[in-house]
Protein chains: 2
Amino acid sequence: MRYEDLADLPCSITRPLVILGDRWTLLVLKASFAGVRRFNEFQSALGISRSRLQDRLGRLVEHGILDRRQAADGAHVEYRLTRKGHDIYPILMAIRDWGDAYMAPDGPPARYRHRDCTGEAHVQLTCEACGTEVTAHDITPEPGPGILSHLGRPGAELGQ
Amino acid sequence: MRYEDLADLPCSITRPLVILGDRWTLLVLKASFAGVRRFNEFQSALGISRSRLQDRLGRLVEHGILDRRQAADGAHVEYRLTRKGHDIYPILMAIRDWGDAYMAPDGPPARYRHRDCTGEAHVQLTCEACGTEVTAHDITPEPGPGILSHLGRPGAELGQ
DNA sequence: CGGAGTGGTCTCGTTTTGGAACTGCCGGGG
DNA sequence: CCCCGGCAGTTCCAAAACGAGACCACTCCG
């Protein structure tokens, strides 16, 4: 089985991971959220090779996560987050919370503050019905509507 | 620069990504949360090659995310999530929320319900001071204590 | 025109990956 | 006891992904 075929599985964790879950993609997006927009800027900020960066940016544009456009002065190109790309932020913040908890022995390298009140922002997994914060132990997955069209398909035994 | 050297940067997004951000690692963890514990079970659930699975499991054990132990019957090996591994769940749920929003045209393939009240669980990025939900636009990163020890180091220009 | 800066491409040697065959271990049944 | 099947883990090789650097085409600016 090829890795890309996983994108056909009816799983909302697997499908994004086929796009985002490789060596550089989420780091490129992290730079995007930090305000990086230009090719050379990405390259020097991340230390990624040019050909790899080209590949990753192209893939993100292809999936509608970044938008590639000529800048106002016409002299260079800009890669900017789309709405879809902007909504990836909670994923990066969830990673950061875990990194702060387990990989930052000297304390958090950065604080991510709410601009309005200077409080720190954190990710919470909450139940939309009762509002309490939940963990993996409190969750039971069950089939949803999106799985119906996949029931009799080949490969349906993979994933959950 | 080698990819693994990124782990030295003082950034709580970059450091976890060096461990978790490759082709299979988060999918292995997704299977773990779904109750998969045995080598062959991981392999048939994911379609990953045996050598790759061996590498990924070993790396996760090495980082204290999974615990490798002999099962009670002594006949086989089990890989179970540690506390550190268990805390990765919000990352997967953030990915799922995004996947449900943008990669599930037929609706969510699965619902993740709160066992106590059957409400659905979702990830929120909230300000711990004022309690409101925030997005990337509302956040201003600033230096934290963990960055001090890295100020004069080589490579400090990378990251943000 | 010439030089600097841009995004992007090409090539080459290295590393990572996928697939499948193979090993060694253990328990159960004859 | 021996054989067999299932298990985790290893080894091998071809293919794909990768890093580094040279190279190209274009645009602005003087």
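Every heavy atom of this structure was used, including side-chain atoms; hydrogens, water molecules and symmetry mates were not.
Atom OH in A/Tyr79 sits roughly 11 Å away from atom C1' in C/dT6 (whole-Å rounding). Straight-line distance from the CG atom of B/Asp22 to the C1' atom of C/dG18: 15 Å, rounded to whole Å. If you take NE2 of B/His76 and C1' of D/dG5, they are 16 Å apart, rounded to a whole angstrom. Summarising the geometry, the separation between OH on B/Tyr3 and P on D/dA17 is reported as 16 Å, rounded to the nearest angstrom. The nearest whole Å value for the distance from the CD atom in B/Glu41 to the P atom in D/dG6 is 16 Å. Between the CG atom of B/Leu46 and the P atom of C/dT17 there is a distance of 15 Å, given to the nearest Å. Atom CZ in B/Arg56 sits about 17 Å away from atom C1' in D/dT10, given to the nearest Å. Separating the CD atom of A/Glu4 from the P atom of D/dA17 is a distance of 8 Å, rounded to the nearest angstrom.
Heavy-atom nearest nucleotides on DNA chain D were determined for B/Asn40 and for A/Ser49, and the one closer to the 5' end corresponds to B/Asn40.
Put simply, the residue from A/Asp87, A/Val28, A/Leu60 that forms a side-chain contact (heavy atoms from CB on, under 4.5 Å) with A/Ile65 is A/Leu60. No option in A/Arg50, A/Arg52, A/Gln54 other than A/Arg50 meets the side-chain hydrogen bond (donor to acceptor under 3.5 Å, both in side chains) test with A/Gln43.
Under the rule for a side chain to side chain donor-acceptor pair (under 3.5 Å), the partners of B/Asp22 that lie at least two apart in sequence or sit in another chain are B/Thr25, B/Arg56.
Judged by distance alone, with hydrogens and angles left aside, B/Arg50 brings a side-chain donor or acceptor within reach of the base of D/dA8, the pair sitting under 3.5 Å. One can find a donor-acceptor pair under 3.5 Å joining the base of C/dG19 and the side-chain atoms of B/Ser51. Remark: the A/Arg38 side chain and the C/dG7 base include no donor-acceptor N/O pair separated by less than 3.5 Å.
Shown for residues 58-70 of chain B: residues whose heavy atoms fall under 4.0 angstrom of DNA chain D, namely B/Arg68.
Annotation: side chain of A/Arg80 is not in contact with side chain of A/Leu66 (no heavy-atom distance under 4.5 Å). With contacts defined as side-chain heavy-atom distances shorter than 4.5 Å, the pair A/Val123/A/Ile91 does not qualify.
Phosphate proximity of C/dT9 to A/Gln54: present, with a side-chain N or O under 4.0 Å from OP1 or OP2. Between B/Trp24 and C/dG18 there is a side-chain polar atom (N or O) within less than 4.0 angstrom of OP1 or OP2.
Aromatic ring orientation, B/His86 versus B/Phe33: tilted (interplanar angle from 30° to 60°).
In the displayed structure, A/Glu4 atom CD is contacted under 6.0 Å by at most 12 heavy atoms of other residues, nucleotides or ligands.
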